[in-house]
Asker: 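Supplied in structure tokens, the structure appears directly below.
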Amino acid sequence: MRRTRILTAVLALAAGLLSGAPTALAADPPAPKLAADTYTWKNARIDGGGFVPGIVFNRSEKNLAYARTDIGGAYRWQESSKTWTPLLDSVGWEDWGHTGVVSIASDSVDPNRVYAAVGTYTNSWDPKNGAVMRSSDRGASWQKANLPFKLGGNMPGRGMGERLAVDPNRNSVLYLGAPSGKGLWRSTDSGASWSQVANFPNVGDYAQDPSDTSGYASDNQGIVWVTFDESTGTAGNATKTVYVGVADKDNAVYRSTDAGATWQRLAGQPTGHLAHKGVLDAKNGYLYLAYSDKGGPYDGGKGRLFRYATGTGTWTDISPVAEADTFYGFSGLTVDRQKPGTVMATAYSAWWPDTQIFRSRDSGATWSKAWDYTSYPNRENRYTMDVSSSPWLTWGANPQPPEQTPKLGWMTEALEIDPFDSDRMMYGTGATVYGTENLTNWDSGSKFAVTPMVRGLEETAVNDLASPPSGAPLLSALGDIGGFRHTDLTKVPSMMFTQPNFTTTTSLDFAESNPNTVVRTGNLDSGPHIAFSTDNGANWFAGTDPSGVSGGGTVASAADGNRFVWSPEGAGVHHTTGFGTSWQASAGIPAGAIVESDRVDPKTFYGFKSGKFYVSTDGGATFKESAAGGLPGGDSVRFKALPGGKGDVWLAGGATDGAYGLWHSTDGGTSFTKLPNVEQADTVGFGKAAPGASYQTLYTSAKIGGVRGVFRSTDKGASWTRINDDAHQWGWTGAAITGDPRVYGRVYVSTNGRGVLYGDGSGGGTTDPGPGPDPTPTGACKVTYKITSQWSGGFQADVQLTNTGTSPWNGWSLAWTFTDGQKLTQAWNAEAAQSGQTVTAKNVAWNANVAAGSSVSFGFTASRSDTNAKPAAFKLGEQTCAVG
């Protein structure tokens, strides 16, 4: 999870987000015509995709809960729909770092009040200081108190906490633990102003890697949690006893018994570990502490659990296993407020074979595990797991015991039992939020059911986007989980790109005149860095790397899909014919150049590096430097060639200390003209032309007329319409943008942590093409039905339908019967529905035509019972198909 988020932030810095004054212009440009359109914005559903380090339930109001993410903002739980609502979409471009949430606090005295401590990096990657956001309407609107130091929502140690806490008796008082040696801070006016607690004795000393010169791993993780003992105060009066956790292995826990006037190190405390969490059970007088030898969220080799008796000062090691048997640290920690002797904890850093969750009903005297070995490597689970709502959580894996798929998770630092409902528990992982609503089944010997509880929470960093003219409406290149083929924007895709699974996809492209041909590049610890598809991204096969490749870089497909140009990390620009089995170095273009293709001429490719534009007319074998001048001097540039327009190229990018804006070339990059009405631009993309317009619609993330936003032009950039608003800004949107070639007005916008947003305007023209009338194909057919993945309660299957007759099909409809109670949950590459036991799958618009001797494939997920027999017969209309 870490690498992508760091990479994206550095990319943001390089894009010139953070420099000083705007570029000086030789003369005042013509005043742009700025209009506004009312857009409806939604996420292309992925559901999750990133680390959720904190979940907070309000202690006085039922069903009020919040989640924080490391780069994707904060969310509020909606009980009626079982979904999460984003709360920080109003964070703008200049404050992009404030989408990283290091802590969140819900006021139990006034549940309308909620606070978020924001800031993404404490080193130079984020030049702005952190802030505390405060809301009196549950996050619908915010006020901000800027801090004189930085906060690190995406720094090491971000899963510890919570660093921000509201006094449960005098709610105008809040405490905030700061990193970087800045100490403990306090507000006495409900978060409007803050001052350092001058007499707090320890600012912390732990850094993940003190030798790291970037400042990322070498930062002091500081003050990591604050916990009040609510029993030591009365309504309206400050709580007397406050516990504070410090990132110091020898001095981890401090206490004040006089409302913060003085502080003492807790005597007798264990040493040698960091206290990730401190959770107080005031009823029984116990402070529980989860310890790890590392700061997390992914490192940690040894851990302990301790209980401190607040009345007697007695420390008790309540660890569920001996320290010698741990290969992980403890972090997730919660008590059941309905049954305070019930405690749960997680082994957050156990990746293999799985995370572990521990549960005790006697204040830590004895423990049971979510799973245990029967005879190694076989294991028995106390839970069932159903990820059919987010099927990609299996990662397409087929592990050997003791690993299972899907896993319970990893980086499980957030764990909370609902304070009003002993049966509901939620926990965060590096990819999702899981939960259960029958947790107490654990105690009765039956199994509790774990499912994703993440809908509405979208946390992916987007590196590239493509919307082909046929096939799936959207292809995405994402950090950490690779990317997806989005056949239905309103549904979670069945699986990320596989074969190979890149940890991060850095670039993707399709052949403009043959959109079934798709290429993607990305990062992988061991294996190839390029992959190809011949069915519009539904299935993939790996290419071969040239010598020296260390990362994905950028890639371009020829317009006809018969050749490719690749600019990977670690090696120079290369070209190939076919699917990358043999690469040749390209001449005349520097290593690290950004590459794109002309969308008409299959032999023309373009490149950009350090202010210079390059053109190849021989399929990427040789490039020549263009004479075009005045382009941005750095490498913070995105450029694209217009579909259907040979030599028509648009280039966006720059930095505030140099050239910055939007340029257009109509002669294949020989010369460029800068648009005078665009002050800054970072992305450019194309979509379907407006009704009556002859030129495709332009989209950009830009600053126009002094306003930062997402803009649309239907007249080649002569005038612009802002299509987002101040409530929908999503921080940094500088990685990619594309319109939809089939739907006028639809645009897809990348974010650095809020996933893929798509918008439709109030004046949008056409809508998505439907599948057409029910098909009635005739002739012989054959079906191959294959179960590709199976888990407790669900499965995934692929179906191949072959035309074995002599005449082509213009549309098809395949039906079968399930006999074991299977229930269809979703399908891709087909429109599928179930009535009773009968399933009917029909073609979508782009795969209706099936020539004689050809095949078409689609897939689906479904729920199942213990048995899962394959269908015995299939019918194409009234024709019975052979079964292969």
Side-chain angles (χ1 to χ4, degrees), residues 7 10-11 13-16 463-464 466 477 504-509 519-523 529-530 543 545-559 563-577 580 583-599 601-641 647 649-655 658-660 663 665 667-672 681-684 734-736:
L7 176 64
V10 172
L11 197 61
L13 287 168
N463 295 326
D464 203 359
T504 287
T505 299
T506 58
S507 178
L508 60 81
D509 194 15
V519 60
R520 61 184 166 97
T521 57
N523 301 333
H529 295 80
I530 191 165
D545 289 1
S547 177
V549 171
S550 59
T554 59
V555 69
S557 168
R563 63 190 71 227
F564 303 88
V565 171
W566 184 18
S567 178
E569 294 179 28
V573 177
H574 285 70
H575 66 283
T576 187
T577 54
W583 294 91
Q584 292 80 43
S586 300
I589 186 170
I594 303 163
V595 295
E596 296 282 357
S597 66
D598 191 88
R599 310 311 284 182
D601 185 349
K603 289 192 174 181
T604 297
F605 289 84
Y606 306 108
F608 180 92
K609 175 70 175 177
S610 302
K612 301 295 184 181
F613 197 79
Y614 300 85
V615 182
S616 171
T617 58
D618 57 6
T622 59
F623 283 80
K624 292 183 178 179
E625 181 182 323
S626 165
L631 299 177
D635 294 323
S636 301
V637 163
R638 278 85 176 158
F639 69 93
K640 290 184 178 180
V649 181
W650 292 79
L651 183 147
Y660 198 174
W663 286 260
S665 173
D667 55 12
T670 300
S671 62
F672 282 87
D682 293 270
T683 60
V684 64

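Model, not experiment: these values are computed from the prediction. Just so you know, residue 1 is the first one in the sequence shown, and it goes up from there.
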Asker: Between OG1 of T617 and CG of D598, what distance do you get to the nearest 0.5 Å?
Answerer: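 T617 OG1 to D598 CG: 11.0 Å, rounded to 0.5 Å.
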
Asker: State, yes or no, whether a side-chain contact exists between Y660 and D682 at a heavy-atom distance under 4.5 Å.
Answerer: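 Yes, side chains in contact.
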
Asker: Report yes if some heavy atom in the side chain of T505 is under 4.5 Å from a heavy atom in the side chain of D464; otherwise report no.
Answerer: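 No. Closest side-chain heavy atoms not under 4.5 Å.
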
Asker: Would you say that R599 contacts S597 through its side chain, given a criterion of any heavy-atom pair below 4.5 Å between the two side chains?
Answerer: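 Answer yes - side chains close enough.
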
Asker: Do V565 and H575 have side-chain heavy atoms sitting under 4.5 Å apart?
Answerer: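 Answer yes - side chains close enough.
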
Asker: When you check the gap from the basic side-chain N to the acidic O, do K609 and D635 get nearer than 4.0 Å?
Answerer: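 Yes.
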
Asker: Considering the options Y606, F608, F605, Y614, which one meets the side-chain contact (heavy atoms from CB on, under 4.5 Å) requirement together with I589?
Answerer: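 Result: among Y606, F608, F605, Y614, Y614 is the only option passing the side-chain contact (heavy atoms from CB on, under 4.5 Å) with I589.
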
Asker: So R563 and T577, do their side chains get closer than 4.5 Å, heavy atoms only?
Answerer: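 Yes, close enough: below the 4.5 Å cut-off.
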
Asker: Ignoring hydrogens and geometry, is there a side-chain-to-backbone donor-acceptor pair from R638 to G734 under 3.5 Å?
Answerer: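 Present.
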
Asker: Measure from the side-chain N and O atoms of N523 to the backbone N and O of G551, and report whether any donor-acceptor pair falls under 3.5 Å.
Answerer: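 Here the side-chain-to-backbone pair does not exist.
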
Asker: Look at D509 together with K640 and state whether they make a salt bridge at an N to O cut-off of under 4.0 Å.
Answerer: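 Judged by the 4.0 Å cut-off on N to carboxylate O distance, D509 and K640 do not form a salt bridge.
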
Asker: Over all heavy atoms of both residues, which pair between G653 and P632 is shortest? Give the atoms and the distance, please.
Answerer: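 Of all heavy-atom pairs spanning G653 and P632, the closest is O-CG, 3.6 Å.
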
Asker: Less than 4.5 Å apart, any side-chain heavy atom of W663 and any of V649?
Answerer: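 In short, these two side chains do not touch, never coming nearer than 4.5 Å.
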
Asker: Which pair of non-hydrogen atoms, one from F623 and one from G607, has the smallest distance, and what is that distance?
Answerer: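 Closest pair (atom of F623, atom of G607, distance): CE2-N, 4.2 Å.
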
Asker: Can you check whether I594's main-chain N or O pairs, donor with acceptor, with S567's side chain at less than 3.5 Å?
Answerer: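 A pair under 3.5 Å: no.
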
Asker: Which one of D545, T576, V595 satisfies the side-chain contact (heavy atoms from CB on, under 4.5 Å) criterion with W566?
Answerer: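 Answer after filtering D545, T576, V595: D545.
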
Asker: If you compare all heavy atoms of S557 against all heavy atoms of V519, which two are closest, and at what distance to 0.1 Å?
Answerer: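 Closest pair (atom of S557, atom of V519, distance): CB-CG1, 4.2 Å.
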
Asker: Please report the shortest heavy-atom distance between A621 and S616, naming the atom on each side.
Answerer: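 Distance-wise, the nearest heavy atoms are N-OG, 3.9 Å.
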
Asker: Short question: side chain of S610, backbone of G634 - any donor-acceptor pair under 3.5 Å?
Answerer: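 Not confirmed, S610 side chain does not pair with G634 backbone.
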
Asker: What closest approach, in Å, do A477 and S507 show between heavy atoms, and which atom pair accounts for it?
Answerer: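 So the minimum-distance heavy-atom pair works out to CB-N, 4.5 Å.
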
Asker: Please report the shortest heavy-atom distance between G553 and T521, naming the atom on each side.
Answerer: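 Nearest pair, atom of G553 first, then T521: O-OG1, 3.4 Å.
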
